[in-house]
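What follows is one structure encoded as structure tokens, with my remarks underneath.
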There are 2 protein chains.
Amino acid sequence: MYKDLDPLLHSQLRLAIVSILMTGESADFNQIMDITKATSGNISVQIKKLQDAGYIEVVKSFKNNYQNTALKITNKGIKAFENYVECLKQYIK
Amino acid sequence: MYKDLDPLLHSQLRLAIVSILMTGESADFNQIMDITKATSGNISVQIKKLQDAGYIEVVKSFKNNYQNTALKITNKGIKAFENYVECLKQYIK
DNA sequence: TATTTTGGTTTATAATATAAACTATTTTAT
DNA sequence: ATAAAATAGTTTATATTATAAACCAAAATA
């Protein structure tokens with residue numbers, strides 16, 4: 001009962017980012033900003049943490065002359081998310 | 001979409017405490033310690049925060065010659081918890 | 001009566017979230 | 001042509017928060 005919640009996912013912004021990516025579609029930096037309304041600095045830091053953990057994949061490219069940062073969830077990220085949700089259920093029901 | 005999560009509840013230990021109290025039964029300090037395995041100092045601090053927010057009621061008494069701290073969730077606490085769960089659902093499904 | 005146990009609180013520290021300040025490139029206005 | 005503004009971020013400093021260590025008081029026990 002009350003297993004530890006993965007601290008990497010138990011953060012509003014990181015959870016939102018991963019939640020967005022759990023659709024399976026990749027999303028880019030701007031979409032994350034639009035949806036979450038967080039500052040770019042905050043998003044940048046949280047993306048790096050998720051990347052370092054191997055939860056997301058980050059692909060940098062050029063799109064219409066501008067740099068573009070695209071994010072995609074990894075298998076590890078999917079498993080971590082599913083595990084987080086399972087653990088959380090113990091707390092909220 | 002992605003409404004803010006009540007920061008008072010979006011904390012593993014405080015969420016566990018409120019979750020325990022959501023049964024309706026009151027629980028005392030020791031039960032919280034047994035269930036959560038957190039340190040007394042940590043629990044003490046988090047209890048005060050929940051009390052200050054009006055989410056729980058704290059009743060101090062004497063039981064078998066020892067001081068006893070009993071906790072009970074308030075109506076405000078119940079509503080906050082239910083709202084938290086509703087908001088969380090946007091993130092986890 | 002000295003020591004240990006019970007039941008906590010207060011305070012210091014470690015970790016974390018968040019925004020402010022900064023960098024670099026591109027577009028637009030003058 | 002070039003100054004200003006917009007795009008797309010990163011780095012770093014600060015503010016907040018979680019957590020444990022240190023502490024206190026009363027009761028039980030050796």
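All figures in this text were calculated on a predicted structure; none of them were measured in a lab. By convention in this document, chain letters (A, B, ...) are assigned in the order of the sequence lines, proteins followed by strands, and residues within each chain are numbered from 1.
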Can you measure [X] atom [atom1] to [N] atom [atom2] for me and round it to whole angstrom units?
| X | N | atom1 | atom2 | result |
| --- | --- | --- | --- | --- |
| B/K63 | C/dG8 | NZ | P | 11 Å |
| B/D34 | C/dT6 | CG | C1' | 13 Å |
| B/N30 | C/dT5 | CG | P | 16 Å |
| A/L71 | D/dG9 | CG | C1' | 12 Å |
| A/M33 | D/dT10 | CE | P | 12 Å |
| B/I32 | C/dG8 | CD1 | C1' | 14 Å |
| A/L5 | D/dA18 | CG | C1' | 14 Å |
| A/K48 | D/dT10 | NZ | C1' | 7 Å |

Return no unless some side-chain N or O of A/R14 is found under 4.0 Å from OP1 or OP2 of C/dT16. no
Under 4.0 Å from OP1 or OP2 of D/dT17: is there any side-chain N or O of B/K49 that close?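 Indeed not, no polar side-chain atom of B/K49 lies that close.
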So, are B/K79 and B/E82 salt-bridged, with charged N and O less than 4.0 Å apart? no
Can you tell which of B/I43, B/L71, B/D34, B/N68 makes a side chain to side chain contact (heavy atoms under 4.5 Å, CB included) with B/F29?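 Answer to the side chain to side chain contact (heavy atoms under 4.5 Å, CB included) test with B/F29 among B/I43, B/L71, B/D34, B/N68: B/I43.
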Would you find a donor on one side and an acceptor on the other, under 3.5 Å apart, between the side chain of A/K76 and the backbone of A/I56? no
What's B/K60 touching, base or sugar-phosphate or nothing? Going by heavy atoms closer than 4.0 Å. sugar-phosphate
What contact category does B/Q46 fall into here, base, sugar-phosphate, or nothing, at under 4.0 angstrom with non-hydrogen atoms? base
Starting at the 5' end of nucleotides 20-30 of chain D, put B wherever the base has a protein heavy atom under 4.0 Å, S where only the sugar-phosphate does, and a dash everywhere else. BB-----SS--
Should the ring pair B/Y91 and B/Y2 be called parallel, tilted or perpendicular, given that the plane angle runs from 0 to 90° and is split at 30 and 60? perpendicular
Show, in sequence, the C-alpha distance, side-chain angles and deciding distance for A/L21 and A/K72, and conclude whether the side-chain contact (heavy atoms from CB on, under 4.5 Å) test is met. CA-CA 6 Å; A/L21 299 177; A/K72 210 179 165 199; 5.8 Å; no
Going by atom types only, do B/D6 and B/Y55 share a side-chain donor-acceptor pair under 3.5 Å?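 Indeed, the side chains of B/D6 and B/Y55 share at least one donor-acceptor pair under 3.5 Å.
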Does CD belonging to B/E57 count more than 12 external heavy atoms closer than 6.0 Å?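 Open: at most 12 neighbouring heavy atoms sit under 6.0 Å from CD of B/E57.
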